[in-house]
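Here the structure comes first, spelled out in structure tokens, and everything after it is commentary.
Note on naming: letters A, B, ... go to the chains in the order of the sequence lines (proteins, then strands), and numbering restarts at 1 for each one. FYI, side chains are in, hydrogens and waters are out, and symmetry mates aren't considered; it's all heavy atoms of this structure.
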Amino acid sequence: MLKKAIVLAGAAALTGLASTAVLAGPDDDELVIDGETFVTELPGFEGSPLDPIYSGWRFRDDATQALEMDDFENPAFVFVEQAAESWETVEGTEGKSCASCHGAVEESMKGVRASMPSYNEAAGELWSLENYVNFCRTERMGADALKWDGDELNAMTALIALQSRGMPMAPVIDGPAAEWFERGKEIYYTRYGQLELSCANCHEDHTGDMIRADHLSQGQINGFPTYRFKNTKLNSAHGRFKGCIRDTRAETFAPGSPEFRALELYVAWRGQGLSIESPSVRN
Amino acid sequence: MEWTRRDFGALCAGAVATAALVGRPGFAFAADDNGTQAAIDAFTGGAPVAEGGVDIGAPEIAENGNTVPIEVGAENAAAIMILASGNPNPGVVTFEFTPLSGARSASTRIRLAKTQDVIAVARLEDGSFAMARRPVKVTIGGCGG
Amino acid sequence: MSNVKPRVKVPKSAAAGEVITIKTLISHPMESGQRKDSKTGEVIPRKIINTFTATFEGEPVFKAKIEPAVAANPYIEFSMKVPGPGTLRFEWLDDDGTIYDLEKSIAAA
Amino acid sequence: MKRLAPLAIGAALVSAAAWADTAPGDVAFTDGAVEQSLTGKPGDAANGRVVLGDRGQGNCVACHQVSEMADVPWHGEIGPPLDGVGDRWSEAELRGIVSNAKMMFDGTMMPSFYKVDGFIRPGDAYTGNAAEVVTPILSAEQVEDVVAYLMTLKE
């Protein structure tokens, strides 16, 4: 007898029908990983454009959801393991590894992902987690910067983000971050490209609706980096932003650009309070 | 009739054995003849194939054809071959069991190029063959491009 | 990623006669041989994990003959009836001839 | 009056030999509707059906359900179902909505399928690169084909 969620008994009559799968909204499933229950739904906070707030996990089907519920079955973890080796590996001219300065990733990186992206005083700009990693590489290790949204950098941010898994998203948007937040908000509501679509058109106004065969989520980023079936690798939030904007028949911004860092801050704020799921699994 | 995607969860091909027509000659793959029948023949050596007795677990709708979880099982199976009748090539994977196997079932994740029937053919320990098929709808992306 | 890495999940201990679930996953692109390079337009040669085997103390437990239609980062899950304490050995055979392997010991419960 | 128009245009075609498609910038909207055919000839409803369902063309079913197109998989639910639109709207209104729905429905999410200006960061199709020249998503002929198909969707 087969045992998985994917073999739940169901009606056999469905097979002939081709189109229109209708599901208005998220499902009711509970995300539990290693005995820990994750917050995938919460009421909107004051000023929140969304109420309730949902994790994208709630919009995926059972088969996709199941892969995130088991760290072994979650393919992202092979890349996390690779990054764990990189963490200990000396690279660059200074003879250092990440661990040389930061020690055990489990200790030093705990909670870091929760406040990303964050304003960096010294740099005078908003930095994503990737910026911090590459700063260490180029300025402390004497190593080359890793490519934005590339496999190696996404694996490293996944390893670091994992140390905050289960903690609430808690970006800081005031002080010097405020202007970045405003810029991100402006981008979120701008109707880009020849299709003239903003993030909000799909992810705010049509959450839960089907766009062709895709079930629209709120576009939250609490699961990034995420392993996607689409390209069978880890994807950064910026990589995902780029894909969405490209699909509006627009000239995209580049991963790592100030525009996408601003957008990342704004979208992180829209999902504040959601549990960090990184590295998540999506379609 | 209104149904939700959630309801698609999935179903066991064992429970829909009616969909699994078999019996070797005349098992036509007219619409999707990618060599599926030839692959079955190669596996069975042309022996007759019984209907049912093989379970296939798969999502009713796969959110992305690049990674479709699938599980097959058959009592007393020595080997189970999985075929994708609508892929460019039918072969997917063949599992071989032994006396040390706990259950005669296994799972993996497969690529399906489009909506199609997944087929599982089992060679049982007594040398006979059994087979089931199960439709899987494969989604396409939401936007253009 | 060139960094091919196998993972296996097996209970650390089990009683004789117990049926255990074995989960395996190897990071591998499973290049199907049907994809074209987006820049050159040339077909990217096939390079997949084509065979997976599991043995227990040298005795065969399970084998999978794999085609390009198995998804990238191939995941295989199966079960074993534990004969007693001993060592499981897993091997993944790449088209290029490389064998990736891993061993896991099971203690008596 | 409307019914006579094709005849008149047909006659004009015979004499003028070459009818130039109305350029995207020259489409005349009246209360969101476009009276005049963009091509000067009737659309091909069968091809319009293809345009509606093809992801590389109109991909209209990404957002709209069409019962008559049940053979085309996966219809979205962003916009209203199109069943019966041939009764609810005139041909001119449908032509206007397909060409530039924002002329009829202010702020609508529906893309403008026959428009080449006023975009923010327009791209070269789905490459993510900047567009050097913006061409309409659908050609004048495709718009007319879509309109012809939509006119067949009667309750």
Side-chain angles (χ1 to χ4, degrees), chain B residues 34-36 39 42-43 57-59 62-75 77-114 116 118-121 123 136 138 145, chain C residues 10-11 14-36 43 46 48-84 86-89 92 106:
Chain B
N34 63 344
T36 296
F43 185 68
E63 282 196 302
N64 193 300
N66 273 345
T67 307
V68 183
I70 187 154
E71 184 175 20
V72 292
E75 262 185 62
I80 302 177
M81 176 176 69
I82 300 176
L83 298 172
S85 66
N87 276 6
N89 297 302
V92 178
V93 65
T94 302
F95 298 130
E96 295 178 12
F97 304 99
T98 71
L100 282 179
S101 296
R104 303 306 169 96
S105 66
S107 30
T108 186
R109 299 166 187 164
I110 70 173
R111 292 166 168 159
L112 295 177
K114 59 178 181 178
Q116 59 181 279
V118 171
I119 290 163
V121 189
R123 187 178 76 242
V136 177
V138 176
Chain C
V10 175
E18 190 181 331
V19 173
I20 59 168
T21 296
I22 298 167
K23 299 178 177 183
T24 74
L25 195 152
I26 185 165
S27 56
H28 194 285
M30 294 293 281
E31 196 58 63
S32 68
Q34 287 166 6
R35 241 162 38 96
K36 282 184 181 165
V43 173
R46 173 185 138 149
I48 68 166
I49 295 290
N50 59 51
T51 310
F52 166 79
T53 56
T55 53
F56 182 81
E57 297 291 319
E59 290 292 310
V61 176
F62 177 84
K63 181 175 182 179
K65 290 193 281 194
I66 298 169
E67 305 284 345
V70 164
N73 307 315
Y75 174 87
I76 296 176
E77 180 180 327
F78 57 99
S79 63
M80 182 177 79
K81 192 170 185 178
V82 178
T87 301
L88 271 160
R89 179 177 173 80
W92 292 259
I106 301 177

How long is the span from the [atom1] atom in [X] to the [atom2] atom in [Y], to the nearest 0.5 Å?
X	Y	atom1	atom2	result
C:I66	B:I82	CD1	CD1	11.0 Å
C:F78	B:S107	CZ	OG	10.5 Å
B:T94	C:E67	OG1	CD	7.0 Å
C:F52	B:T108	CZ	OG1	10.0 Å
B:S101	C:M80	OG	CE	9.5 Å
C:L25	B:R109	CG	CZ	6.0 Å

Contact origin within B:N66 toward chain C - heavy atom pairs under 4.5 Å |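 Contact with chain C is through the backbone of B:N66 alone.
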
Is it the backbone or the side chain of B:P90 that comes under 4.5 Å from a heavy atom of chain C, or both, or neither?
-> neither

On a heavy-atom basis, which atom in [X] and which in [Y] lie closest, and how many Å separate them?
X	Y	answer
C:I76	B:F95	CG2-CE2, 4.3 Å
B:R111	C:A72	NH2-N, 3.6 Å
B:L100	C:P60	CD1-O, 3.7 Å

With a 4.5 angstrom heavy-atom cut-off, which part of C:Q34 approaches chain B: side chain, backbone, both or neither?
->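 Looking at C:Q34, just its side chain touches chain B.
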
Ignoring hydrogens and angles, tell me if any N or O in the side chain of C:S79 forms a donor-acceptor pair with the backbone of B:A103 under 3.5 Å.
-> yes

Residue selection (most heavy-atom pairs with chain B, distance under 4.5 Å) from C:V61, C:V19, C:I20, C:I22 =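 Of the candidates given, the most pairs with chain B belong to C:V61.
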
